[in-house]
Every structure is written in structure tokens, then in C-alpha cells.
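To start, the structure under review is shown below, and the notes come after it.
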Amino acid sequence: MRYKSTRGQVSDLSFTEAVLMGLASDGGLLLPESVPDVSEHLEAWQSLSYPELAKNIMGLYIGDIAAAELGGIIDKSYSTFTNEKVTPLNRMGETNILELFHGPTLAFKDVALQFLGNVFEHILKETKGELNIVGATSGDTGSAAIAGVRGKDNINIFIMFPEGKTSELQELQMTSVLDANVHNLAVDGSFDDCQALLKSVFSDLPFKAQYQLGAVNSVNWARILAQIVYFFSAYFQLKEEQPQTNKVDFCVPTGNFGDIFAGYLARKMGLPIDRLILATNANDILARFFKTGRYEREEVNFTHSPAMDIQVSSNFERYLYYALDGSSAKVNEFMESFANTGAASIEFNTPSFDQTFAAGSATNEQTLAAIQEIYEVHGYITDPHTAVGLHVGKTLRRTEVPIIHLSTAHPAKFDAAIKLALPEVHPVHPTLEALKGAKTRKSKLEVDEDALKHFIKKHRAPE
Ligand SMILES: *Cc1c(COP(=O)(O)O)cnc(C)c1O
């Protein structure tokens, strides 16, 4: 499989080239040249374990890592999950919840970042290179990225976070990792300051090349690829218990559009997904788009589901490319209009589009009510991101098609929101309990590009 950019100026990349490039060098996003149809394999794949399923699906998209090597990378990536099904489907009456939070940091991002870390390690072994990953986090992504590469040879990771503005637990999940290649940078500023610093070091191209800077942000193709697998796994788990299952809907709490885009590709590959239900919190630019065709930026709202407090979704352009008939010219025009005016529109002129996606949003109150409802009915505690999906799924469900809800984090990670909904309930997880009182390490950083560069130079991976 070869890869190309949505903007049309980059093409014919191998998988590892696409992984190392991250964001396409023409400013677009990388996509496979074609999407394989796997309909005829569905029956044979039904009984595969998660890692075997992953090898079959991901192997179709990876032409430059030998099958045995890829198999080893996949086995290693999912051996860190504490549930034998990796992403188990929890069925409670009519409610189906796909638990994606059994990895090391208890959020669904582990599914992709455990894999990406091992892919980086493999590539560096082949090229004998070094990699210095630089990232900015407002909470969740940082710890999953760190868990993906901690202790690995020839890789260093530098994660900036706004000092005092992440939750105590989120900070602990990062700073308690004491491996020598992990550098937590507590920035004396806001998350926007961290992102601006990140942008400025990446735009210094000579510096980026000299220090082999790399990124693990949500646009990396390897992350999308790893996430396709659990849509298949969920479908097979439901079919195992309900053999008459034909089509299913998936409900996906959405921020950067990565998770739901993986579902879109699974559908294109022939998995019988009827609708993808897109659920947002008050930051509802995507929900509005799928109702009206108009993509229009607004101010960011802070909600109980902070990992979805996003206005401009970094993976949306991948979907746009397909929605605009694979025309890079139209993608460029749309993105330019959006960059210049804060808004752009698309005609939903082909009958298939408006039927693939259904969309809705949940207010903070509706999110808390959804946490209360599933606890009252099933005694199940769910995190606020998952609860956004539960609310939206309820408003859009049809009796004849089952819905599978993606659950993106363990509730103990977001205990403050749970406390508001269920004052008497205290979700805990042994992984998080073990962090309390743990030894930590972090370095202070001023909002200053030269200070960041100096830090990277001093702590870079050995050549
Ligand atoms: C990142 C994240 C999301 C949003 O996923 P996207 O792929 O950005 O749409 C939802 N829930 C949690 C807990 C997350 O960490």
C-alpha cells in the first residue's frame, strides 16, 4: 500500500515514510491510495483473537514491514492490555459498551500509541537513527504517548503541559514515569502557549532535521490504522452472542475526529456498519456540520469531557477528501475558505453521505444525567466522554439496529465529574491508586522557544 496527501502534493509514500512524516509536508493529511474491501473475509475473521485480527487488517496497509516482524510488533503492543479481549464488549440489556480503556494509561489512545511506539522502535532499529518526539498536552494524550515510548532505545520524548492546569491525576500519570528518555516539561503558561512553542520548533526546519524531531499527534496515520481494528472486534463480539446481528450503528464521542474516522474506514472496508453516530459536547462544530453541511468555527467551551473540548478537528480533512470525491483541488479550496473566513460549506449532494453519519451533542447537564441513568439502571459507572455518547445515542437510536457505544476512558480518570453526578460513588483503579505518593520528575520551562531548543539539545537521544 502507498500513501498520498489530501492536498495532492505528496504521493507514493511507503507506510514507514507516512508514519515518519506525520502531517503531510504539503500541509495536508496522509491517506492510503485505496481502501481494500474485506467483505469476503468477515466470516473467517469472526473467531480470531484481537492480535490476530489486527495482523490481518493492518497487514493490508503495511507493505514495508515483513509479516513476521509486524506480528511481533502487534503482539507486543497488545500484551500491555489487562483484558484478554484487549477491547471487550460489555453488554447490559440493550446497551453495548466497547471498553477501550484497558491499556496502561486507561484511555483509548493507548490502543494506537502502544502500537506507534513499537513501530518507531522498529524503524529506528532498521535505520540506526534517533528520534526526539516533542508534544504538547492538555491532559490525556501526553501520558499515553509517554507510555508508548518509555524506556525505548534511541527515542526521547519531551511533553509540555501547562503547569497547574491539568488535573492532579493527569500530571501524576506523566511525571511518575522516571525512565531516562522521558522529559516532562511544566510550562509556565497556558495550553495554547505549549502549542505555540511546539509549532515554533517544528517550523524551524533546519533544527527539526538536525535533531530528528518527530510528533505523535492525532494526525499520524498509524494511529488511525490501529483504531480500525476495534470496530471489527466489536462487531464480531456482538455477533458471537447475537448470531442474527446484521448491521450495527457505532456511537463515537468525538474530538479530533480520529476515532470516528477509523470507523468510517472500517465501513468502507465492508464491515456492516449502518450509521456512525457522531457525539460531541458543547463544542459541536462537527455535529453542526453533519446536520447542515456548514463547517464554522466558534469559541472553545470548557466542559466535563475535556478531551473533546476542541473546535477544529485535526482529522476532519481526511473525511473531507472522500466527501469531495477525492479532489485535492476541492479540499484546498474548502480549507482555504475555512482558514480565511472561519467557515466553509459542502453540498451533501450524493445520497450516501447524509446517511452514513448521524450527529448530536450533549450539554454538561445531559452528560451528568447520562452518568446517573446508566448507574441507576445497570450499576455501571461511566466516564463523562462516554456519557456524551450515551446521551446522543439515546436521542438517535432506532429499535431495529443495535448501537455499540465506544467507551474512551476509565471513569476513575475523571472522578471530579463523576462526583458531580454521583456524589456517593468513588470510582477507583489500582493503576491510579498506585500513583498516589509515587516519586515524580519534571522540569520547569518558560514560554520561550530558545529555552525549549536548549533543553532538547541537552537531553537528545544519543546518536
Ligand atoms: C482523545 C479522546 C477523545 C476524542 O477522540 P478523537 O479521536 O480526538 O475524536 C474522547 N475521549 C477521550 C477520553 C479521549 O482521550
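Keep in mind that the numbers below use all heavy atoms, side chains included, and drop hydrogens, waters and symmetry copies. Residue numbers start at 1 and run along the sequence shown. Order of appearance sets the numbers: ligands from 1, and atoms from 1 within every ligand.
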Could you identify the single nearest non-hydrogen protein atom to [atom] and state the distance to 0.1 Å?
| atom | result |
| --- | --- |
| atom 1 (C) of ligand 1 | Lys109 NZ, 1.5 Å |
| atom 8 (O) of ligand 1 | Asn256 N, 2.7 Å |
| atom 9 (O) of ligand 1 | Gly255 N, 2.8 Å |
| atom 5 (O) of ligand 1 | Phe108 CZ, 3.4 Å |
| atom 12 (C) of ligand 1 | Thr408 OG1, 3.4 Å |

Donor-acceptor pair between [X] and [Y] side chains, under 3.5 angstrom:
| X | Y | result |
| --- | --- | --- |
| Asn256 | Ser313 | no |
| Ser407 | Glu99 | no |
| Asp26 | Ser5 | yes |
| Thr386 | Asp383 | yes |
| Asn283 | Asn281 | yes |

Q: State whether the side chain of Arg223 and the backbone N or O of Phe115 hold a donor-acceptor pair below 3.5 Å, judged by distance alone.
A: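 No.
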May I ask you to list the atoms of ligand 1 that are less than 4.0 angstrom from any heavy atom of [X]?
| X | value |
| --- | --- |
| Thr254 | 9 (O) |
| Gly258 | 6 (P), 7 (O), 9 (O) |
| Ala307 | 2 (C), 12 (C), 14 (C), 15 (O) |

Q.
Just to verify, which of Lys247, Gln355, Arg398 counts as forming a side chain to side chain donor-acceptor pair (under 3.5 Å) with Asp274?
A.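 When side chain to side chain donor-acceptor pair (under 3.5 Å) is applied between Asp274 and each of Lys247, Gln355, Arg398, only Arg398 qualifies.
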**Q.** side chain to side chain donor-acceptor pair (under 3.5 Å) partner of Lys76, chosen from Gln114, Glu121, His122
**A.**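 The passing option is Glu121.
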Q) Does ligand 1 have an atom that lies less than 4.0 angstrom from a heavy atom of Phe261? A)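 No, Phe261 has no heavy atom closer than 4.0 Å to ligand 1.
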I'd like to check whether [X] has a polar contact with ligand 1, where a contact means an N/O of the residue lying under 3.5 Å from an N/O of the ligand.
| X | result |
| --- | --- |
| Ala409 | no |
| Gln227 | no |
| Asp140 | yes |

Q) At under 4.0 Å between heavy atoms, which part of Asp259 makes contact with ligand 1: side chain, backbone, both or neither? A)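 It is both backbone and side chain that touch ligand 1.
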(Q) Test of understanding: given a 4.0 Å heavy-atom threshold, classify the contact between Lys413 and ligand 1 as side chain, backbone, both, or neither. (A)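 Within the 4.0 Å criterion, Lys413 makes no contact with ligand 1.
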Q: Run the ring-centre check on Phe161 versus Phe191 and record whether the distance is less than 6.0 Å.
A: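 So the answer is no for these two rings.
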